[in-house]
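One is the number of the first residue; the rest follow in order along the sequence. Note that the structure is a prediction, hence the values are computed from the model and not measured.
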Amino acid sequence: MEVTRRDLLIVLAAVSIVLVILLPSLLIKPGSGQDSVESDIASSLSDDIKERATYLIKDPIHTSELIDEEFWFQDAQEKLKRDRNMRTVNKRAKNVIFFLSDGMGISTQTAARTLKGQRADLVGGEQAKLSFEEFPNVALSRTYCYDYTVADSACSATAYLSGVKANKDTIGVTAAVKYEDCQAQLDKNSEVESLLAWAMDEGKSTGIVTTDSLTGASPAGAYAHTASRDWTNNVDTPEDCEDIAKQLIRNKPGKDFNVIFGGGGKNFTNEKNDLEGRTDGLDLIGEWKENKKTTGKGYAYVTNLTQLKDIKSDDTDYILGIFNDDKFEYNLDLTEEDDQPDLEDMTRKAIEILSKNENGFVLFIEAAHVDKAHHDNLAQKALEEVLRLDEAVTAALEMSDLEETLIIVTADHSHSLTINGYPKRGTDIFGYDDTTDEQLSDDGFYYPTLMYATGPGRKPAGYDVSKEEHLKSKDYVAPATVMRDSSAHQGEDVAVYAVGPQAHLFKGLIQQYYIPHILGYAACIGKGDKFCNTQ
């Protein structure tokens with residue numbers, strides 16, 4: 001059969017048309033023969049969790065995305081069908097798990113999810129999801145203190161745990177108590193009870209978990225009443241006022257918490273003679289042990305991961321774990337020799353112990369190092385800590401029945417991390433795009449995608465990130481616009497993610513002090529309105 005020149009031209013034209021259609025989809029994921037697939041690696045939640053947890057968002061996470069309209073149209077239409085059938089859990093919450101990611105603003109979440117996606121080899125990485133971003137209910141929380149526009153972790157802890165706005169740097173008291181006013185602190189009428197105290201009154205088990213010192217502002221919001229977040233031990237605390245460490249060990253509700261995990265050993269017994277530790281010779285850890293002996297119940301004191309793993313939860317009703325003299329080490333700084341538990345380790349053990357109570361439990365868990373890394377403009381360490389939170393939330397979901405457990409994830413305030421334009425998709429989130437001039441300043445210098453408004457990362461005039469030798473280092477200090485020894489918090493709203501009984505009440509723009517009122521209503525605890533009273 002004779003092949004004419006006209007036949008060859010027709011064949012070549014047909015091949016060209018096919019290439020025009022398929023080539024963009026092939027190029028978007030180099031080396032892949034698939035147009036668009038869901039990524040098992042990048043999925044925040046396992047198939048087992050999604051199968052059990054019918055109240056979670058089940059959106060697919062695509063390894064790559066197509067350029068044609070049909071891909072986006074079908075993806076959106078399928079989501080619409082799923083969302084229309086989303087159910088709410090209109091029941092009492094037997095258990096409440098409250099995750100607090102200190103300093104995790106929206107930009108931090110966006111950058112962390114992109115990092116997660118890039119590590120999972122998604123094209124670009126932006127389409128990944130953090131585990132709690134699959135929660136169906138989201139609200140925005142206003143974070144300001146009673147006296148300051150931009151919150152610190154003390155006034156915000158009082159809001160989201162006790163339900164009132166307070167002054168900056170004060171914890172567990174009303175705004176009638178000014179910063180460092182010891183006499184005002186002594187007025188019992190100014191004290192406010194926390195969500196965990198409400199839970200204990202109803203016979204629930206309680207616990208606090210943090211990667212900070214146990215006397216840090218966030219965990220202290222669960223038990224302390226103080227005019228200064230800095231009164232962590234006897235050194236700076238006025239003689240008439242009780243320091244925060246004493247309040248945890250000696251006073252209700254702290255002394256009756258079933259689970260206490262964190263750092264800050266120097267504030268409880270200063271065996272290593274830390275210059276910032278206790279100087280009065282008290283052994284508050286010994287006091288805790290003696291107190292638990294009198295209960296006749298199983299108790300344990302642990303100081304490392306090995307000991308924590310060896311704990312038999314069935315035999316343990318009370319546990320105190322102090323894993324560092326101060327705050328925890330960053331996850332990126334840990335070595336094989338370190339025996340420090342991570343947030344997931346502590347979360348799993350806490351839930352195991354608390355779940356034994358038939359009346360339920362309330363557990364407060366803080367990922368503290370997102371904030372601490374941001375204060376030093378250490379973007380890599382900050383995002384890594386978000387991913388550790390991601391794992392801890394996944395663990396909580398694996399261990400929880402969402403028909404009876406309400407889980408929320410939020411932040412106390414934001415930080416000034418910015419995601420700057422315009423890198424092409426696929427550019428390392430910790431790097432910059434040198435393939436175009438889109439990340440060149442007007443005076444001809446490259447700048448990185450991640451930067452801060454304030455902090456110690458202020459660079460000299462003419463700084464060019466393309467000449468930075470330590471850009472990929474975990475200790476790289478990202479550029480900041482305004483020099484400050486410690487990066488300032490930001491005052492914009494933060495997100496609240498919720499799943500489980502009454503999670504649907506988290507919606508729209510809310511006040512931060514409204515959060516514990518929803519939780520109290522859902523769990524039928526506290527002095528406010530309760531779901532149980534409406535049935």
Whether over 12 other heavy atoms sit under 6.0 Å from Glu276 CD: no
Reference residue Asp390; test side-chain hydrogen bond (donor to acceptor under 3.5 Å, both in side chains); the match among Gln109, Lys116, Arg113: Lys116
Return all side-chain donor-acceptor pairs below 3.5 angstrom for residues 509-523, not counting sequence neighbours, or 'none' if the list is empty.
| from | atom 1 | to | atom 2 | distance (Å) |
| --- | --- | --- | --- | --- |
| Gln511 | NE2 | Tyr144 | OH | 2.8 |
| Gln512 | NE2 | Asp412 | O | 3.2 |
| His517 | NE2 | Gly163 | O | 3.4 |

Salt-bridge contact Lys474-Asp333 (side-chain N to carboxylate O under 4.0 Å): yes
For Ala503, all residues meeting side-chain contact (heavy atoms from CB on, under 4.5 Å), sequence neighbours excluded: Asn137, Leu406, Ala498
Residue pair Phe323 / Pro341, side-chain heavy-atom distance below 4.5 Å: yes
Polar contact flag, side-chain donor to acceptor under 3.5 angstrom, Thr226-Ser228: no
Contact check, side chains of Leu387 and Leu115, non-hydrogen atoms, under 4.5 Å: yes
Residue pair Phe257 / Ala222: nearest heavy atoms and the distance that separates them: CZ-O, 3.7 Å
Plane angle bin for His489 and His375 - parallel if under 30°, tilted between 30 and 60°, otherwise perpendicular: tilted
Glu202/Asn359 under side-chain contact (heavy atoms from CB on, under 4.5 Å): CA gap, chis, key distance, verdict: CA-CA 8 Å; Glu202 298 298 330; Asn359 290 325; over 6 Å; no
Side chain proximity check, Val362 to Leu195, heavy atoms < 4.5 angstrom: yes
